[in-house]
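What follows is a short report on a single structure.
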Amino acid sequence: MAEQEPRVGVFVCHCGINIGGVVNIPQVVKYVKTLPNVAYAEDNIYTCSAEGIDKIKAAIKEHSLNRVVVASCTPRTHEPLFRGACVDAGVNPYLFELANIREHCSWVHMREPEKATEKAKDIVRMAVARASFLKPQEESEVPVDPTALIIGGGISGITSSLCLANQGFKVYLVEKEPELGGMLRKIYRLYPTDEDASKVLEASIRAVRNHKNINILTSTNIKSVDGYIGNFEITALKDNGESKFKVGTVIVATGAVEFKPVGMYGYDKYDRVLTQVDLEKVLQSGKSDVDKFFKPQRVAMIQCVGAREEKPPRAYCSRICCMVAVKNAMLLKEWYPESEVYIIYQDMQTYGKDYEEHHRKARVADIKFINYTKENPPQVVPLPDNRLRVTVYHALLGEKRELDCDLVVLSTPLVQHESARELSKMLKVPLGQDEFFLEAHVKLRPVDFATDGIYVCGTAHGPKDIGESLSQAYAVSSRAASPMANRKVRTEAITAVVDRDRCVGCRMCERLCPFGAHRIEEGKSTVIDALCKGCGVCAAACLRRAITMRHFTDDQIMAEVKTAFLTKAPTQPEAPTNVGGKIGE
Amino acid sequence: MTEQFEPRILGFLCNWCSYAGADLAGVSRISYPTNIRIIRTMCSGRVDPLHVLEAFRQGVDGVLVTGCHPGDCHYITGNYACEKRVNFLKDVLAQVGIDPRRLRLEWVSASEGGKFAKVVKEMIEEVRKLGPSPLRKERQEETVAT
């Protein structure tokens, strides 16, 4: 079949005000219409909305488009959606191109709307030039092993293990500690129901222990992860003994730890300064044991210790500490009705249903709330009788208060494990500036990583309470179940192709390929598709220019190079002459 | 009145780390000047010396290549191949009279939005000091001035 002339349709997205509030979209659309090969252009408030997708499909039909460019956000999140629209309208998904005018333009040039508009034009021009050289590609399928690896045996990991195992999938649940349970083992009662944490946990642990589909590996660390969705090869390490197994999906449920406020409010100096988790341990021993230790007359809890700081990594609100403080304050008040319990806070954030009600009950129960500002934090000094004097400037009353306390409890944020960075490297998934695992998209893909087949749930992803962690645990189970239930996934078609007429069998590609995908057969290189991951190291090295990377051909890349800063009236760049004699290596 | 020289920087970003890092700069609203245009490749190892030389031939004032940190490459060793090529290219550029500082290789991870913005700013300032590329003048005769 003769190749059709490119007819590119361009859809420029306002993204509400995210792009449209900075970039002059009508100007961009007007400019786009002057570009070679552009058969149609329009703007949309949200191209990714159902309406926007319908408009793409309609325009493909109406204007006989054979290439589609959407100028909006990053291809790392939205490409699959728009490719789907192309497929629905009969256009091969690889004839689609995204021009990233949000993350790479409007969001980073908010104060320079005119320059941002010019840059947006350039970005769209590059995408149109590239689109004109795009070729249809076929995706191949890879089998998916219906087995999941769940890293972390806290309540999130336990819950997603059960959820997947109940659907008939095999699960490896790996926990680095000798016992399952994670953070929940350290907690006494749960808000807002006042349930005993150990009861909730024991029931779940019993269920995973007795499940025939779940293989529990405690005191075990992950040593290495190789492979890709459907076919991960895991090496686990226990007591210096290695075990290897294959899984189709990986779930990160490694949890978080409490920040230790060393050097703050006398935490490491005085016995009677505890963190909330330290207090939970004391409470766990039961009232009669606590009675032997002491009967508190006055307790002060200080909120936001080491949290909501000016700069990362601990700039975030840890989400759970307000409710934890309210819960533990109520418990102390219940055990010791004569005592005074103070919560010294910056902002009480008892969001959502049930929680605000709890906060109100605490106020009715005569828990005393004192507001402090970041500029005027409380101070803790020891008194001769083993008590502690908390001096705080009450920001609402505008006066200084002195509280002589038997106990000071610091509410500190959940923070990432030190070992998380190593795991993030192993899995090739990112950590955010707060050092928690970073999802592929905060709204659209909240439990996926950008890498297929790897998911995240629970506090490994950021501070959250039990209910929220479990919601995510169920969410990842559903996400991981889809490829495993299908037993196969489509893979990207981006692989290397060798022109055997050009190849002289120099073995450069074979030597460089990190995956062993190039084999020399009969003096010429041959690519094993299942092994090729599409990096393109071989294509850039081939002295004979015999290797083409599907979807990242020299023509396509050169088209972008040649149009990036074009200042004269644009014409379609001609393909570079594909002759030998190449520099490099 | 002479207008301030605005360097034109072309960036080659790998899909898995650096492009995601640039995305994160956007998500975090970390601003940097508008002088850079970005080409996405799956791996920094895909960047062919000819792509870089063509960019200079087109009259760009600087080329920034960014990849995953050593040991972090999604394709295991693609970034090492890239490093070798960039070092080699710097020699070539010096020989043809283009200051090798106009070509820069940086490692930017998916979580380093701030670093990406910083690298871009630094590169623009460095190239601003170097002035327009010697090839830019030739190229501009063919094109309409900005």
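Note on naming: letters A, B, ... go to the chains in the order of the sequence lines (proteins, then strands), and numbering restarts at 1 for each one.
With sequence neighbours left out, the side-chain contact (heavy atoms from CB on, under 4.5 Å) criterion links B:Glu54 to A:Met558, A:Val561, A:Lys562, B:Arg57, B:Gln58.
Each of B:Ala22, B:Gly78, B:Gly113 has some count of heavy-atom pairs under 4.5 Å with chain A, and the biggest count is that of B:Ala22. Per-residue heavy-atom pair counts under 4.5 Å with chain B were compared for A:Glu435, A:Met426, A:Glu103, and the maximum is reached by A:Glu103. Chain B forms more heavy-atom pairs under 4.5 Å with one residue of A:Lys425, A:Lys119, A:Met110, A:Gln556 than with any other, namely A:Lys119. Among the candidates A:His109, A:Lys115, A:Arg102, the residue making the largest number of heavy-atom pairs closer than 4.5 Å to chain B is A:His109. The choice from A:Leu438, A:Asn18, A:Val429, A:Leu431 that makes the most heavy-atom pairs within less than 4.5 Å of chain B is A:Leu431. Looking only at heavy-atom pairs under 4.5 Å with chain A, the residue among B:Cys68, B:Cys43, B:Gly114 that has the most is B:Cys43.
Residue B:Asn15 touches chain A through both its backbone and its side chain, counting heavy-atom pairs closer than 4.5 Å. Using a 4.5 Å cut-off between heavy atoms, B:Cys73 touches chain A through its backbone atoms (N, CA, C, O) alone. At a 4.5 Å heavy-atom cutoff, B:Ala117 makes no contact with chain A through either its backbone or its side chain. Proximity to chain A (any heavy atom under 4.5 Å) is shown, for B:Val27, by both the backbone and the side chain. The part of A:Arg111 that comes within reach of chain B is its side chain, from C-beta onward, which places non-hydrogen atoms under 4.5 angstrom from that chain. Heavy atoms of B:Val47 lying under 4.5 Å from chain A belong exclusively to its backbone.
To the nearest 0.5 Å, atom CG of residue A:Leu512 and atom NZ of residue B:Lys84 are 6.5 Å apart. Between atom CD of residue A:Glu560 and atom CZ of residue B:Arg37 there is a gap of 13.0 Å, rounded to the nearest 0.5 Å. In this structure, CE on A:Met126 lies 12.0 Å from CZ on B:Arg40, to the nearest 0.5 angstrom. Atoms CZ and SG, from B:Arg46 and A:Cys538 in turn, are 8.0 Å apart once rounded to the nearest 0.5 Å. Note that the OG atom of B:Ser109 and the CZ atom of A:Arg421 stand 7.5 Å from one another [nearest 0.5 Å]. For the atom pair B:Ile36 CD1 and A:Phe565 CZ, the distance stands at 8.0 Å (nearest 0.5 Å).
Here the closest heavy-atom approach between residue B:Gly45 and residue A:Ala540 is recorded as O-CB, 3.4 Å. In terms of heavy-atom proximity, A:Glu112 sits nearest to B:Pro33 at OE1-CA, 4.3 Å. Closest non-hydrogen pair, B:Phe12 versus A:Ile557, comes out as CE2-CG2, 4.1 Å.
A heavy-atom distance below 4.5 Å is not found between the side chains of A:Glu118 and B:Thr34. Residues A:Asp554 and B:His51 are in side-chain contact: their nearest non-hydrogen atoms beyond the backbone lie under 4.5 Å apart. Considering only heavy atoms from C-beta on, A:Val108 stays 4.5 Å or farther from B:Arg29 through its side chain. Residues A:Val537 and B:Tyr75 are not in side-chain contact: their nearest non-hydrogen atoms beyond the backbone lie 4.5 Å or more apart. Looking only at side-chain heavy atoms (C-beta outward), A:Trp107 and B:Ser28 stay at 4.5 Å or farther from each other.
In A:Glu114, the CD atom is not crowded: 12 or fewer heavy atoms of neighbouring residues, nucleotides or ligands sit closer than 6.0 Å. Counting heavy-atom neighbours within 6.0 Å of B:Lys118 NZ, excluding the residue itself, gives a total of 12 or less. Within 6.0 Å of CD on A:Glu422 lie no more than 12 heavy atoms contributed by other residues, nucleotides or ligands.
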| field | Working for side-chain contact (heavy atoms from CB on, under 4.5 Å), residues A:Asn100 and B:Ile38 | value | CA-CA 9 Å; A:Asn100 185 346; B:Ile38 288 167; over 6 Å; no

Practice prompt. Let me see the working for B:Asp48 and A:Arg545 under salt bridge (charged side-chain N to carboxylate O under 4.0 Å, His left out), right down to the final yes or no.
Written response: CA-CA 11 Å; B:Asp48 190 311; A:Arg545 307 200 78 75; 3.5 Å; yes

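A salt bridge is absent between A:Asp122 and B:Arg8; no separation between the charged side-chain nitrogens and carboxylate oxygens falls under 4.0 Å.
Relative ring orientation between A:His104 and B:Phe116 is described as parallel, the plane-to-plane angle staying below 30° on a 0-90° scale split at 30° and 60°.
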